[in-house]
Novice: 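Starting off with a structure, shown below.
Being a predicted model, the structure only gives us computed values, none of them experimental. Chain naming here is simple, since letters A, B, ... match the order of the sequence lines and numbering starts at 1 in each.
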Protein chains: 2
Amino acid sequence: MIRVLIADDQRVVREGLTMVLALMKGFEVVGTAADGDEAVTLAEALRPDVVLMDLRMPRCDGIEATRRLRSEVPETKVVVLTTYSDDRSVLDAFRAGARGYLTKDASGAQISEALRQVLDNHAVVDPAVQRHLIDAIATEPTPRSRFPDGLTPREAEVLSLMAGGLSNAEIASHLVVSEGTVKSHINHLFAKIGARDRAQAVTYAFRQGLTEP
Amino acid sequence: MIRVLIADDQRVVREGLTMVLALMKGFEVVGTAADGDEAVTLAEALRPDVVLMDLRMPRCDGIEATRRLRSEVPETKVVVLTTYSDDRSVLDAFRAGARGYLTKDASGAQISEALRQVLDNHAVVDPAVQRHLIDAIATEPTPRSRFPDGLTPREAEVLSLMAGGLSNAEIASHLVVSEGTVKSHINHLFAKIGARDRAQAVTYAFRQGLTEP
DNA sequence: ACGCGTCTCCACCCTCGGGTGGAGACGGGA
DNA sequence: TCCCGTCTCCACCCGAGGGTGGAGACGCGT
């Protein structure tokens with residue numbers, strides 16, 4: 001028996017889904033929530049196998065609720081079931097920890113099949129949103145590589161410390177060299193990367209992926 | 001007639017795929033390539049509708065080839081067909097611009113169906129790799145949201161210009177206010193975000209996602 | 001042996017950035 | 001009505017940061 005929690009702000013949807021799942025063998029709707037907060041609270045109490053989560057909800061949206069569920073009730077899986085399927089939503093949902101993404105065009109059979117798949121540790125993406133997902137991935141910035149331009153390892157090191165918010169004096173003591181040396185490295189690397197001051201250098205460091213957010 | 005280019009370093013795979021597609025109605029294999037370089041060169045000459053791309057190839061791997069195809073021959077779509085389905089490969093492939101990802105367990109029917117789907121502007125993900133894709137998305141760092149702490153819109157604006165590498169004077173003229181005002185905003189926002197100097201502030205801006213890499 | 005690049009250090013200069021402590025104007029909420 | 005937050009501006013101070021022009025030591029490749 002698969003224990004399901006339904007989170008959706010519209011009553012008709014909650015009741016409709018409850019009906020649909022009642023018809024399917026092997027499902028039990030253990031609770032319904034009308035907003036994200038309630039979804040999290042109920043999930044903590046009821047420990048369902050899976051939460052069918054709408055995205056657009058008052059108080060705390062589905063993305064946020066999913067994120068919180070990930071940390072509060074990690075055993076419970078989340079399947080998003082929503083009307084919207086724009087690029088951002090899809091990506092955000094999976095980033096937040098959802099394991100499935102369905103639209104409200106899905107049939108009862110598709111939903112129940114998706115739930116089974118997810119509990120079987122698969123991921124489920126509605127074919128209709130597949131494309132959005134791939135688009136979103138393709139257009140997102142690719143994390144950068146190695147260290148670029150003519151930067152020497154030492155200079156890159158100084159740069160990354162600088163991006164960490166250290167002053168010249170702090171960098172110096174961190175590297176156990178004089179502050180003069182640090183300034184020297186800094187002037188060299190400024191020239192190489194075309195920076196005028198540390199702010200620009202830090203920006204460069206992030207864009208090049210030398211520093212992890 | 002769908003015109004296909006096959007890129008794989010193993011001869012048996014190239015010939016096997018050619019056979020399989022020959023059996024399917026509506027496909028024509030217009031060429032085969034044994035490495036990424038050749039794939040790009042042939043695609044430029046033959047302008048196929050789609051490239052079936054292996055990932056592991058000598059000289060220039062499938063990811064790199066896909067990336068180059070995106071910019072050189074944008075009309076040609078890329079479908080990855082490979083043995084490996086680890087998290088990174090999948091994500092990298094889509095980032096590079098692939099529209100489909102199949103494993104070599106796929107049947108001829110599945111492959112041909114996938115090609116049709118992709119040419120119909122859908123994205124195709126082999127169910128077996130679906131999970132890797134979602135995992136990879138979930139474990140990647142999430143770009144941050146709105147603007148946080150007690151930052152006023154104006155302060156956030158100043159911060160983001162600062163992160164863009166502008167000096168106080170430049171920020172001032174950009175916002176059409178005096179430099180003193182900019183300093184004032186800056187001092188306020190430093191206090192709010194706990195920064196000591198602009199380097200730390202820029203770092204903060206990136207980590208909070210106020211500035212796009 | 002020689003040259004090259006990197007890392008280290010020094011001294012000097014001066015600007016820009018950061019800190020302090022104000023103050024006036026506007027708008028919205030209590 | 002008054003208060004509070006935001007945005008604007010000012011004056012003054014000072015030190016860290018950025019720019020210049022060196023120089024010596026080490027390691028590496030030719």
Novice: May I ask you to evaluate whether B:Thr152 reaches the phosphate of D:dG5, defined as a side-chain N or O under 4.0 Å from OP1 or OP2?
Specialist: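 So the side chain of B:Thr152 is outside the cut-off, no N or O lying under 4.0 Å from OP1 or OP2 of D:dG5.
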Novice: Would you mind reporting whether A:Arg99 and B:Arg131 have side-chain heavy atoms less than 4.5 Å apart?
Specialist: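 Answer yes - side chains close enough.
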Novice: Just checking A:Ser178: base, sugar-phosphate only, or nothing, at a heavy-atom cut-off of under 4.0 Å?
Specialist: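 Counting heavy atoms under 4.0 Å across all strands, the contact made by A:Ser178 is with sugar-phosphate only.
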Novice: Please enumerate all residues that pass side chain to side chain contact (heavy atoms under 4.5 Å, CB included) together with A:Thr103, with sequence neighbours excluded.
Specialist: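 Counting only residues at least two positions away or on another chain, A:Thr103 forms a side chain to side chain contact (heavy atoms under 4.5 Å, CB included) with A:Ser85, A:Asp105, A:Asp126, A:Val129.
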Novice: Decide yes or no for A:His174 and A:Leu161: does some side-chain heavy atom of the first lie under 4.5 Å from some side-chain heavy atom of the second?
Specialist: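 Yes. Closest side-chain heavy atoms under 4.5 Å.
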Novice: Between B:Glu155 and B:Ile193, is there a side-chain heavy-atom distance shorter than 4.5 Å?
Specialist: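 Not touching, per the 4.5 Å side-chain cut-off.
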Novice: Give the B/S/- string for nucleotides 16-30 of chain C, one per nucleotide from 5' to 3', where a protein heavy atom under 4.0 Å of the base yields B, of only the sugar-phosphate yields S, and otherwise -.
Specialist: -BBBB----------
Novice: Can you see if the side chain of A:Thr181 gets near the phosphate of C:dC9 - specifically, an N or O under 4.0 Å from OP1 or OP2?
Specialist: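 So the side chain of A:Thr181 is within the cut-off, an N or O lying under 4.0 Å from OP1 or OP2 of C:dC9.
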Novice: Please state whether the phosphate of D:dG5, meaning OP1 or OP2, lies under 4.0 angstrom from any side-chain nitrogen or oxygen of B:Arg154.
Specialist: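 Result: no.
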Novice: Rounded to the Å, how far apart are A:His185 NE2 and C:dC9 C1'?
Specialist: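 A:His185 atom NE2 is separated from C:dC9 atom C1' by 10 Å.
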Novice: Determine to 10° how strongly the helix from C:dA1-D:dT30 to C:dA30-D:dT1 is bent, judged from the axes of its five-pair ends.
Specialist: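 The end axes of the helix from C:dA1-D:dT30 to C:dA30-D:dT1 are about 50° apart, to the nearest 10°.
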Novice: Pick from B:Ile111, B:Asp8, B:Leu17: which one makes a side-chain contact (heavy atoms from CB on, under 4.5 Å) with B:Lys104?
Specialist: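 Of B:Ile111, B:Asp8, B:Leu17, side-chain contact (heavy atoms from CB on, under 4.5 Å) with B:Lys104 is met by B:Asp8 alone.
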Novice: Please list all pairs meeting salt bridge (charged side-chain N to carboxylate O under 4.0 Å, His left out) that have one or both residues in residues 157-171 of chain B, counting only residues at least two apart or in different chains.
Specialist: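 Counting only pairs at least two positions apart or across chains, the salt bridge (charged side-chain N to carboxylate O under 4.0 Å, His left out) contacts touching residues 157-171 of chain B are A:Arg196-B:Glu170, B:Arg154-B:Glu157.
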Novice: Throw together a table of side-chain donor-acceptor distances under 3.5 angstrom for residues 41-57 of chain A, partners on residues two or more places apart or in other chains.
Specialist:
from, atom 1, to, atom 2, distance (Å)
A:Thr41, OG1, A:Asp37, O, 2.8
A:Arg47, NE, A:Glu44, O, 3.1
A:Arg47, NH1, A:Glu75, OE1, 3.1
A:Asp49, OD2, A:Arg3, N, 2.7
A:Asp54, OD1, A:Thr82, OG1, 3.2
A:Arg56, NE, A:Tyr84, OH, 3.4
A:Arg56, NH2, A:Tyr84, OH, 2.5

Novice: For residues 179-190 of chain B, tabulate all N or O donor-acceptor pairs below 3.5 Å that involve a side-chain atom, not counting sequence neighbours.
Specialist:
from, atom 1, to, atom 2, distance (Å)
B:Thr181, OG1, B:Ser178, OG, 3.1
B:Asn187, ND2, B:Lys183, O, 3.4
B:His188, ND1, B:Ser184, O, 3.4

Novice: Rounded to the nearest angstrom, tell me the gap between atom CG in A:Leu189 and atom C1' in D:dG18.
Specialist: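 Interatomic distance, CG of A:Leu189 to C1' of D:dG18: 12 Å.
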Novice: Round to a whole Å and report the spacing from CD1 of B:Ile171 to P of D:dC9.
Specialist: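 About 14 Å, once rounded to whole Å.
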Novice: Using 30° and 60° as the class boundaries, would you call the ring planes of A:Tyr101 and A:Phe94 parallel, tilted or perpendicular?
Specialist: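 Rings of A:Tyr101 and A:Phe94: tilted, 30 to 60°.
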Novice: Round to the nearest Å and state the distance from A:Glu157 atom CD to C:dC7 atom P.
Specialist: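 It works out to 9 Å between those atoms.
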